[in-house]
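To keep things clear, I will list the structure first and then write my remarks on it.
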Amino acid sequence: MDLTNLNLNKDRSKMRRKPPVDLSTMVYGKVPPQAKELEEAVLGAIMLEKSAFDTVVEILKPECFYLEGHQRIYRSMQGLAQKSQPIDIFTVVEELKMRQELDIVGGAYYVTKLTNSVVSSANIETHSRIILQKFIQRELIRISGEIIGDAYEDSTDVFDLLDDAETKLFEITNNHLRKNFDSIDTVLVKTIQRIEDLRHKQDQITGVPSGFPSLDKITYGWQPTDLIILAARPAVGKTAFALNLARNAALDPIKPTSVAFFSLEMSSAQLVQRILSAESEILMEKIARGRLEEHEMRQLYKKGIDRLAKAPIFIDDTPALNIFELRAKCRRLKNKHNVGFIIIDYLQLMSGAGDNKNGNREQEISRISRDLKGLAKEIQVPIIALSQLSRAVESRKEGEKIPQLSDLRESGAIEQDADMVMFLYRPEYYGITANEMGESNKGETHVKIAKHRNGSLDTIKLRALLHIQKFTEYGEDDFGGIGMPSGGNWKPVQDNEGSGGGARLYIQAGSRMKDVPMDDDETPF
């Protein structure tokens with residue numbers, strides 16, 4: 001056998017065998033967007049100019065560079081900066097040697113070569129932003145390819161696909177397009193303008209009204225960007241109170257506000273039944289069982305359905321909602337319906353983003369609370385998140401069961417991230433049926449503001465009419481007793497006939513298109 005010919009045939013076979021093709025570089029016959037020359041100029045300028053790195057680090061991350069070698073060189077520069085060492089040719093080469101990456105990036109010769117084409121770092125910020133633009137274009141191409149692939153999968157839920165797409169796009173904005181600092185003179189102009197506007201306002205409410213004057217006197221309404229925690233033990237009335245806040249904000253006669261209510265515990269139908277009971281003042285039990293007399297049905301339509309049809313309330317009852325899905329939904333509601341108030345029922349039922357496999361539940365809740373605060377700042381709306389209290393309240397002796405900040409369940413980060421923490425406390429919940437004067441305190445509910453970053457701390461009293469899922473100012477009504485049956489000619493708790501609104505009551509049933517068509521004999525509302 002001719003070994004020479006055999007080796008020659010092997011070499012020819014190797015030449016014919018094509019290397020694997022990176023399909024990401026062949027989309028529409030084009031290579032990904034890149035700016036290699038500018039990457040070289042930026043890295044070279046950092047090694048020539050002492051202050052250049054401080055300019056670049058606010059704009060670029062290592063992954064923004066197209067070439068892997070450039071990413072490694074930039075990471076070595078970050079390592080030097082963290083150790084407060086100077087960044088030049090010699091220190092960068094030594095750092096790469098320590099990381100055993102010098103040969104991978106092209107050796108000391110390549111690092112030195114980067115400075116040859118750089119005259120000065122005068123345009124380094126502009127060059128860095130062009131590199132960032134190219135990176136964002138590459139990321140959009142990558143994400144679009146993943147979305148196209150997922151969209152062809154029949155097993156993919158379309159709403160999960162939408163949430164995933166929005167989350168990935170938001171991550172680009174959140175991670176690479178951060179807001180720069182503001183000079184104090186710019187902020188002063190905005191602040192003085194706001195103070196002047198508030199001085200000339202007749203109404204003292206500067207945020208979203210709660211509907212309870214005694215509470216608004218302390219908070220001046222729920223303020224944009226604030227995260228408010230509403231906490232209580234189970235069955236105290238958290239959901240009922242939150243629904244009252246939603247209804248009061250949406251139907252406020254002076255300043256109606258669109259409200260998004262995310263319920264992880266109850267279905268949208270159950271929530272609407274509660275709102276109908278509070279608005280029509282018909283017993284919740286009767287509405288739930290459908291045992292209504294003819295006059296009660298008329299009252300339900302006139303005082304309940306007709307008013308709620310004007311309420312801009314959006315209800316989402318998706319179970320096990322995670323923080324990324326919540327953010328995507330809130331951004332859509334903000335853009336499409338200008339939602340100005342968000343309520344989440346409740347915090348401990350939410351899940352993280354799936355990246356906490358090695359962490360515990362406390363860390364996950366901490367991440368969720370931080371993300372909720374970030375969401376409130378991002379879309380400029382107040383967010384109220386309901387929260388459970390730990391059993392530590394029950395273990396305390398009689399007379400000391402009023403909730404404290406330390407009772408917040410599963411995470412101390414909740415009280416740190418929140419701008420306001422409110423506790424609901426009902427004495428009768430613990431068997432206390434009379435006050436110090438021996439008078440009945442049935443329905444008495446204390447709203448304790450335990451933390452208020454921008455205001456005072458106080459405790460106000462409300463009256464809970466839980467049989468109709470309603471809260472009123474304490475002592476506002478005098479029926480001669482609490483629990484008067486509905487349907488009679490007694491004075492309504494709150495008459496908002498003709499109150500503002502203009503939108504309808506919208507319900508999103510869990511993002512799964514499970515809307516069931518009504519029969520012909522059913523009455524829509």
Side-chain angles (χ1 to χ4, degrees), residues 14-15 18-27 30-143 168 171-181 355 358:
K14 288 179 181 178
M15 292 173 64
K18 295 181 179 180
V21 178
D22 183 3
L23 295 179
S24 66
T25 66
M26 301 299 292
V27 177
K30 300 179 181 179
V31 296
Q34 55 189 282
K36 295 181 185 178
E37 295 81 5
L38 292 180
E39 291 181 9
E40 293 174 355
V42 167
L43 293 174
I46 292 174
M47 289 186 286
L48 289 177
E49 186 68 39
K50 182 178 181 181
S51 61
F53 181 78
D54 295 333
T55 302
V56 176
V57 75
E58 293 184 359
I59 303 172
L60 297 179
K61 295 183 177 180
E63 60 267 24
C64 296
F65 291 87
Y66 179 68
L67 295 181
E68 183 182 353
H70 291 172
Q71 294 180 13
R72 293 176 184 272
I73 293 173
Y74 188 69
R75 284 195 186 95
S76 71
M77 293 175 174
Q78 286 183 325
L80 289 169
Q82 289 172 359
K83 292 182 285 188
S84 300
Q85 294 182 8
I87 302 174
D88 56 33
I89 295 174
F90 301 107
T91 56
V92 170
V93 169
E94 288 300 319
E95 181 70 17
L96 287 170
K97 283 181 181 178
M98 290 179 59
R99 295 169 179 254
Q100 298 182 347
E101 295 178 347
L102 183 60
D103 292 335
I104 298 175
V105 303
Y109 170 75
Y110 184 78
V111 176
T112 305
K113 181 185 171 184
L114 292 174
T115 62
N116 291 341
S117 59
V118 181
V119 179
S120 74
S121 62
N123 300 320
I124 192 170
E125 182 174 353
T126 302
H127 294 166
S128 298
R129 296 198 182 279
I130 294 174
I131 294 172
L132 178 61
Q133 290 173 15
K134 300 298 182 183
F135 168 74
I136 291 175
Q137 288 177 276
R138 296 196 299 271
E139 285 294 282
L140 290 174
I141 292 171
R142 179 184 64 82
I143 291 171
K168 290 177 178 177
E171 284 178 348
I172 295 177
T173 304
N174 191 48
N175 294 334
H176 301 285
L177 296 177
R178 294 184 178 274
K179 183 183 176 185
N180 207 345
F181 57 82
D355 56 355
N358 299 324

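Values below: every heavy atom of this structure, side chains too, minus hydrogens, waters and symmetry copies. We count residues from 1, following the sequence as given.
- Dense packing is recorded around OH of Y110, with more than 12 heavy atoms of other residues, nucleotides or ligands lying under 6.0 Å away.
- Scanning both residues, A45 and A52, for their nearest heavy atoms gives O-CB, 3.8 Å.
- Looking at Y74 and V57, their side chains come closer than 4.5 Å, going by heavy atoms from C-beta outward.
- Rounded to the nearest 0.5 angstrom, M77 CE and F53 CZ are separated by 8.0 Å.
- Under the 4.5 Å side-chain criterion, counting only non-hydrogen atoms from C-beta, V111 is in contact with M47.
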Trace of the side-chain contact (heavy atoms from CB on, under 4.5 Å) decision for R138 with Y66: CA-CA 9 Å; R138 296 196 299 271; Y66 179 68; 3.7 Å; yes
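- To the nearest 0.5 Å, atom CD of residue E40 and atom NZ of residue K113 are 6.5 Å apart.
- Look at R99 and E95 and you find a salt bridge, because one of the NZ, NE, NH1 or NH2 atoms lies within 4.0 Å of a carboxylate O, short of that distance.
- The heavy-atom pair separating P33 from Q137 by the smallest distance is CG-CB, 3.7 Å.
- V56 and S128 get closest at one heavy-atom pair: CG2-OG, 3.6 Å.
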Decide side-chain contact (heavy atoms from CB on, under 4.5 Å) for I124 and I46; before the verdict, give the C-alpha distance in whole Å, the side-chain angles of both, and the deciding distance to 0.1 Å. CA-CA 9 Å; I124 192 170; I46 292 174; 4.1 Å; yes
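- To the nearest 0.5 Å, atom CD of residue E39 and atom CD1 of residue I73 are 10.0 Å apart.
- Judged by distance alone, the side chains of D88 and T91 do bring a donor and an acceptor atom under 3.5 Å apart.
- A distance of 10.5 Å separates CG of L80 from CD of Q78, quoted to the nearest 0.5 Å.
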Given side-chain contact (heavy atoms from CB on, under 4.5 Å), test L132 with K61 step by step and report yes or no. CA-CA 9 Å; L132 178 61; K61 295 183 177 180; over 6 Å; no
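- Atom CE of M98 is separated from atom CD of E94 by 9.0 Å, given to the nearest 0.5 angstrom.
- Note that OG1 of T126 is 11.0 Å distant from CD1 of I131, once rounded to the nearest 0.5 Å.
- G44 and T115 make their closest contact through O-CG2, 3.9 Å (heavy atoms, listed as atom of the first residue, atom of the second, distance).
- Side-chain contact between S76 and V105 is absent, with no heavy atoms from C-beta onward closer than 4.5 Å.
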